[in-house]
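Sequence lines set the chain letters: A, B, ... in the order given, protein chains first and strands last, and positions in each chain run from 1.
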Amino acid sequence: MPIKLKDLPRIRYNMPGNAACPGCPETMGMRYVKMALGDNVVMVIPAGCSSVIQGINPKSGMNFPILNIVFAAAASAAAGMKAAFEELGRDDVQVVVWAGDGGTGDIGFQALSGAAERNDDIIYICVDNEAYMNTGIQRSSLTPYGAWTTTTWTGKTEHKKNIPLIMIAHDVPYVATASVGYPQDFIEKLRKAASIRGFKYVHLHAPCPVGWRFDPGLTPHVAQLAVKTGLWPLFEYERGKFRVSSFSRMYRKPEKRAPIEEYLKLQGRYKGAGPEVVKELESYVNRLWEWIELLEKSMSPSTTAKKLVSKT
Amino acid sequence: MGVSEPKTLFVAPLSKPDAGSVGKTGTWRHEKPVIDEEKCVKCLLCWLYCPEDTILRREDDMVYVDYDYCKGCGICAQVCPVDAIKMVPER
Ligand SMILES: Cc1ncc(C[n+]2csc(CCOP(=O)(O)OP(=O)(O)O)c2C)c(N)n1
Ligand code: SF4
Ligand code: SF4
Ligand code: SF4
């Protein structure tokens, strides 16, 4: 059911006066998590900007309970917390991991993969600003090709690791991609995730004005352009079925996609990126959509239904 | 003089949600958003996208800004479909 903005809660979930930079995508995203899931949520947050945004004791800049924990333990701590809530008969509490791209794709990956394999009943959200921002913009395995960081002075020479596809390969009940440019889509996906038992993974694309070097007023615009260029496709994998989300469907066709140059020219991290970077990213987008086509063909809701019919 | 029992102190690093965990962030602003109520169509997009939760909704869904904490990022002005928000330089 499409979400009406009027019906979303008026509660202030981000306490104003927190430490986030102006235009921060992580504060935007956290707000949507609470709008989607309501009050019975505990967040588990490993090191990263979101641990700093909370501010300095005794005040917290976030209006919900948070356990701050080391990188390597985020998913396993959440799994343990969920088990404890179940023991107390509190099945209504959602335990949500909120981790950066470094915390997810590099440092915390073993705990993430373990929790997925055990099918622990948690929601894991990766808030992906495509670098280690909190420590001063170092590359992560999720930094895209050609992007400047303080550890890739001349542009990264490797492509972005595709964690959502890796999570689909874990065959967990739910995997989705989302973007701070499309909050309603993100909120809908979180609500669906909350209704499913077992391990849920949601990957939120979160353009960061500080690390990507763009005007802080443009955070939603840059996020939307990532989707429109085809670089960040929105999709869902639900109990073995794969579906491209409505905001991304038209970008299946290369001629419908926004030019990659349009996206790059807004971002200082691509300053000096020549035509070879554009070409390399274009071929990346094409490969990405070939994967998607493959998944769609073999796991679309209709083909899955047919397979089930032919089995019986 | 006898030896006294060492005192055990439990220090729980618990924080409580409160506004202004790093102070009045309104002082960070170079420009402030000013809403033209005549133009506003109450679409709530500025409220949806404001990262700081400093766009507030009145009962009738007319929006207004919490200038104590608004950081002046300009997102609200960028997303407004009818240009009802102008960024005005702070004096
Ligand atoms: C084991 C360990 N290594 C390094 C650090 C230092 N550290 C703190 S935050 C951070 C960056 C995290 O980046 P990411 O997960 O992408 O989140 P972001 O800051 O971008 O939100 C690092 C490296 C740490 N706290 N623990
Ligand atoms: S560096 Fe980026 S993600 Fe981190 S607090 Fe600042 S704007 Fe947010
Ligand atoms: S300028 Fe930024 S912080 Fe201030 S009200 Fe607008 S969106 Fe919110
Ligand atoms: S985005 Fe513009 S029209 Fe919509 S509620 Fe805000 S000020 Fe009003």
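Shown here for A:R10 and B:W47, the closest heavy-atom pair between the two residues is CA-CZ2, 4.4 Å. Between A:N63 and B:P17, the closest heavy-atom pair is OD1-CB, 3.6 Å. When all heavy atoms are compared, the tightest approach of A:G23 to B:I75 is CA-CD1, 3.8 Å.
In this structure, chain B has a heavy atom under 4.5 Å from the side chain of A:Q184, while its backbone stays farther away. At a 4.5 Å heavy-atom cutoff, A:N68 makes no contact with chain B through either its backbone or its side chain. Neither the backbone nor the side chain of B:C70 comes within less than 4.5 Å of any heavy atom in chain A. Residue contact with chain B, scored on non-hydrogen atoms closer than 4.5 Å, involves the side chain of A:M35 exclusively.
For B:K39, the NZ atom counts as densely surrounded, since its 6.0 Å shell holds more than 12 non-hydrogen atoms of other residues, nucleotides or ligands. Counting heavy-atom neighbours within 6.0 Å of B:K86 NZ, excluding the residue itself, gives a total above 12.
Under a 3.5 Å cut-off, the side chain of B:D61 and the backbone N or O of A:K6 do not form any donor-acceptor pair. B:K24 contributes no side-chain N or O that, together with a main-chain N or O of A:G17, makes up a donor-acceptor pair within less than 3.5 Å.
To the nearest 0.5 Å, the span separating OG on B:S15 from CE on A:M62 amounts to 12.0 Å. Going from atom CZ of A:R12 over to atom CZ of B:R57 covers 13.0 Å, rounded to the nearest 0.5 Å.
Ranking A:L5, A:I66, A:T27 against chain B, the residue ahead of the rest is A:L5, based on heavy-atom pairs under 4.5 Å. The candidate from B:W28, B:Y69, B:Y49 with the greatest count of non-hydrogen atom pairs under 4.5 Å with chain A is B:Y49. Counting heavy-atom pairs closer than 4.5 Å to chain B, the top residue among A:P16, A:P209, A:A20 is A:P16. When each of B:L45, B:L48, B:T54 is scored by its heavy-atom pairs under 4.5 Å with chain A, the top score falls to B:L48. Of the listed residues (A:P216, A:P25, A:P65), the one with the most heavy-atom contacts under 4.5 Å to chain B is A:P216. Among the candidates A:G29, A:G61, A:P220, A:G181, the residue making the largest number of heavy-atom pairs closer than 4.5 Å to chain B is A:P220.
Taking 4.5 Å as the limit, every side-chain heavy atom of B:V22 sits out of range of all side-chain heavy atoms of A:K59. Looking at A:M15 and B:D53, their side chains never come closer than 4.5 Å, going by heavy atoms from C-beta outward.
Partner B:K71 forms a side chain to side chain contact (heavy atoms under 4.5 Å, CB included) with one of A:P22, A:C21, A:C24 and no other, that one being A:P22.
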